[in-house]
Amino acid sequence: MAIHLYNTLTRQKELFKPIEEGKVRMYVCGPTVYNYIHIGNARPPIVFDVVRRYFEYRGYEVNYVSNFTDVDDKIIKAANELGETAPEIANKFIAAYHEDVKALGVMEATCHPRVTENIQEIIDFVSALIEKGYAYEAEGDVYFKTREFEGYGKLSHQSVDELRSGARIEVGEKKQNPLDFALWKAAKPGEPYWESPWGPGRPGWHIECSAMAQKYLGDTIDIHAGGRDLAFPHHENEVAQSEALTGKTFANYWLHNGYININNEKMSKSLGNFVLVHDMIKNQDPEVIRFFMLSVHYRNPINFSDELLESAKTGLERIKATFENLHHRLANSADLSEDIDSWKETLANYKKRFITEMDDDFNTANAISILFELTKEANLYLQEPNSSKEILELFIQTFEEIASVLGLDLMEEKELLDGEIEQLIEERNEARKSRNFARADEIRDLLKEKNIILEDTPQGVRWKRK
RNA sequence: GGCGGCAUAGCCAAGUGGUAAGGCACGGGUCUGCAAAACCCUUAUCCCCCGGUUCGAAUCCGGGUGCCGCCUCCA
């Protein structure tokens with residue numbers, strides 16, 4: 001078996017073949033930093049983080065590049081509204097992005113390039129396109145000549161004629177053709193700008209990704225990913241720019257994730273039906289959000305609601321409880337000479353199935369169902385009166401291996417209990433021994449009010465926070 | 001108008017030719033001093049509807065209905 005992934009370009013699942021043996025060059029479109037990200041914006045970082053982790057798990061070295069669009073109309077607008085400069089706004093929300101995404105368990109990208117740090121590369125890119133006859137200047141703007149690029153529409157599977165009928169030229173635009181798009185925008189008074197051969201201005205939206213992908217990953221990359229809504233026009237335009245310039249394939253595989261929906265409708269900033277990650281994680285364990293997102297295949301839409309999140313939370317807690325129980329039992333385990341080999345085989349099978357599912361276009365939904373089956377298997381084992389240290393460790397290791405690819409940390413950090421509570425637990429133990437159950441229950445209720453849940457097991461009392 | 005996606009139990013969700021994974025919720029039981037947790041059992045003769053292909057279809061083909069998305073900034 002090997003990794004297969006669904007390629008938007010060909011509309012089918014394909015065997016992954018890297019450009020360079022053992023390496024993956026991956027570019028994921030990052031946010032325009034004019035606001036906190038919402039839950040929908042969080043889906044690409046999460047699902048493609050898993051894609052990256054899985055490639056690494058399978059022995060690939062992944063060069064994962066994700067950009068920040070830190071100059072743009074919306075940033076300028078936000079800056080004006082808030083009375084701050086555009087760079088201040090951008091820096092603020094870049095920091096917020098890192099914070100949010102870290103809470104969601106997303107690994108740092110290999111590289112996080114910013115548009116404003118790559119202006120020269122962009123200018124060079126645009127100049128080269130003009131030289132090659134793929135772009136033209138018009139009063140300080142530069143536009144890409146869509147009809148010069150033969151494959152235009154091949155990624156989003158739109159015919160140029162159809163697109164043309166839907167496109168329109170806004171009043172005052174200087175495009176020769178409605179489908180042409182801006183590579184460089186002349187600065188209006190008061191806007192941030194950089195000097196260029198066409199006068200002061202700033203990059204258009206699409207050119208930055210082409211220029212930065214090329215700079216950090218080369219002319220041809222393995223995987224280019226982003227939200228479904230970026231396929232057109234953003235990614236289509238990237239293909240046009242990059243391939244027009246280099247004459248080479250820009251990206252071998254295009255991955256697009258489905259949307260997060262609210263009441264069956266796309267969550268988006270323009271519809272106003274969004275929930276910010278920043279706000280949500282104040283009341284909700286971010287890991288639950290991650291787990292919930294991974295419980296659906298990345299290409300399918302996810303309907304988002306508190307109820308669904310709650311049910312995901314219950315499920316995740318069950319897995320975690322079992323994982324903790326395994327650790328708890330380790331302290332009371334013996335070196336039993338049981339049939340280790342058959343257990344090794346059983347657990348190796350879980351891993352094998354996990355790999356099979358993930359190889360099939362990163363089916364995290366099925367990967368999670370395997371984690372649930374493993375949980376059941378472990379619970380069954382834990383019911384036996386005696387447990388072998390070696391087998392417990394095998395279980396733990398299997399859990400950890402699968403969870404780490406999904407980016408889940410099953411081990412809860414437990415702050416130590418304060419002395420008073422420990423005292424109460426001890427007192428309750430004594431009460432139970434002397435069959436003073438009234439007092440024992442009283443203490444259990446008391447602790448429950450402090451959000452400490454007690455569980456009596458054959459191996460002694462165990463506590464957890466609610 | 002063009003292109004595309006989806007429709008599976010009360011809810012969520014895998015499954016793209018071989019006879020319905022997994023989770024949440026519900027009910028019954030085991031364990032427990034009682035709980036909690038866990039485990040066991042039960043829950044879709046059937047996968048939106050109609051027709052076709054096939055020994056065999058939720059899965060393929062044709063038609064229909066409903067919902068959603070892209071074609072414009074958007075993850």
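Only heavy atoms go into these numbers, but all of them, side chains included; no hydrogens, no water, no symmetry mates. Numbered from 1 within each chain, the chains take letters A, B, ... in sequence-line order.
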**Message:** Within the 4.0 Å heavy-atom criterion, would you say A:Arg428 contacts the bases, only the backbone, or no part of the nucleic acid?
**Reply:** base
The residue among A:Arg228, A:His256, A:His224 that forms side-chain hydrogen bond (donor to acceptor under 3.5 Å, both in side chains) with A:Thr8 is A:His256
With the side chain defined as heavy atoms from C-beta on, A:Asn264 is closest, among B:C67, B:C3, B:C71, to B:C67
Paired to B:G69 by Watson-Crick or G-U wobble criteria (both distances under 3.5 Å) is B:C3
Q) Taking only N and O in the side chain of A:Trp463, is any of them less than 4.0 Å away from OP1 or OP2 of B:A36? A) no
Have a look at A:Gly226 and say if it touches a base, only the backbone sugar-phosphate, or nothing, with a 4.0 Å heavy-atom cut-off.
sugar-phosphate
Of the candidates B:C73, B:C70, B:C34, the side chain of A:Ser270 sits closest to B:C73
**Item:** NZ/NE/NH1/NH2 to OD/OE distance under 4.0 Å, A:Glu99 and A:Lys102
**Value:** no
Practice task
Determine the Euclidean distance between corresponding C1' atoms of B:G63 and B:G27; express it in Å to zero decimal places.
Solution key: 43 Å
Q. For residues A:Tyr54 and A:Asp359, is any side-chain donor paired with an opposing acceptor at under 3.5 Å?
A. yes
Checklist entry - Can we say A:Glu191 and A:Lys185 salt-bridge, meaning some charged N sits less than 4.0 Å from an Asp/Glu carboxylate O? => result no
| message | Any side-chain N or O of A:Arg444 below 4.0 angstrom from OP1/OP2 of B:A36? | response | no
Pairing partner of B:C26, by Watson-Crick or G-U wobble and under 3.5 Å for both distances, is none
ask   = Is the closest basic N to carboxylate O distance between A:Asp361 and A:Lys13 below 4.0 Å?
value = no
On RNA chain B, more 5' by nearest nucleotide between A:Asp441 and A:Glu310 is A:Glu310
With rounding to the closest Å, how many angstrom separate the C1' atoms on B:G17 and B:U59? 6 Å
Atom CG of A:Leu163 and atom C1' of B:G1 are separated, to the nearest Å, by 13 Å
Worksheet item: Just checking, is any N or O donor in the side chain of A:Asn273 or A:Glu265 under 3.5 Å from an acceptor N or O on the other one?
Response: no
Atom CZ of A:Arg228 and atom P of B:C6 are separated, to the nearest Å, by 9 Å
To the nearest angstrom, the CZ-C1' distance between A:Phe437 and B:A36 comes to 15 Å
When A:Phe232 and A:Ser268 are each assigned the nearest nucleotide of RNA chain B, the 5'-most assignment goes to A:Phe232
A:His38 atom NE2 is separated from B:C74 atom P, nearest whole Å, by 12 Å
Scanning all shown strands, the Watson-Crick or wobble mate of B:U19 with both distances under 3.5 Å is none
Electrostatic pair A:Asp180-A:Lys174, nearest N-O below 4.0 angstrom | no
Looking at A:Asp73 and A:Lys188, is there a salt bridge between them, counting it only when a charged N and a carboxylate O are closer than 4.0 Å? no
From CE of A:Met267 across to C1' of B:G69 the rounded distance in Å is 15 Å
Its contact letters, B for base, S for sugar-phosphate only and - for none at protein heavy atoms under 4.0 Å, make nucleotides 7-23 of chain B read -----SSSS-----BSS
Query - B:C41 to B:A58 separation - P atoms, rounded to the nearest Å - result: 26 Å
| query | Any side-chain heavy-atom pair from A:Phe250 and A:His235 closer than 4.5 angstrom? | reply | no
Nearest-angstrom distance, C1' atom, B:U16 to B:G23
23 Å
*Any salt bridge between A:Arg439 and A:Glu427, counting N to O under 4.0 Å?*
yes
With C1' as the reference atom in both, quote the distance from B:U43 to B:U54 in angstrom, rounded to an integer.
32 Å
TODO: Quick one: label A:Ile37 by what it contacts on the DNA or RNA (base, sugar-phosphate, nothing), any heavy atom closer than 4.0 Å.
DONE: nothing
In whole angstroms, the gap separating P of B:C68 from NE2 of A:His256 amounts to 23 Å
From CG of A:Asp456 across to C1' of B:A36 the rounded distance in Å is 8 Å
Please measure how far the C1' atom in B:U32 lies from the corresponding atom in B:G10, and state the result in whole Å.
31 Å
OP1 or OP2 of B:C70 sitting under 4.0 Å from any side-chain N/O of A:Lys266? yes
>> By the 4.0 Å heavy-atom rule, please label A:Leu271 as base, sugar-phosphate, or nothing.
In response: nothing
_For a quick check of understanding: with a heavy-atom distance under 4.0 Å over all strands, which category does A:Gly258 fall into, base, sugar-phosphate or nothing?_
base
Whole-Å C1' distance, B:C3 and B:A20:
32 Å
Rounding to an integer number of angstrom, what distance separates B:G15 and B:C26 when you compare their C1' atoms? 25 Å
For B:U45, the nucleotide meeting Watson-Crick or G-U wobble distances (both under 3.5 Å) is none
Students often get this wrong, so: under 4.0 angstrom with heavy atoms, is A:Arg11 touching a base, only sugar-phosphate, or nothing?
sugar-phosphate
note: A:Leu326, atom CG; B:A38, atom P; distance rounded to Å ~ 13 Å
Paired to B:U59 by Watson-Crick or G-U wobble criteria (both distances under 3.5 Å) is none
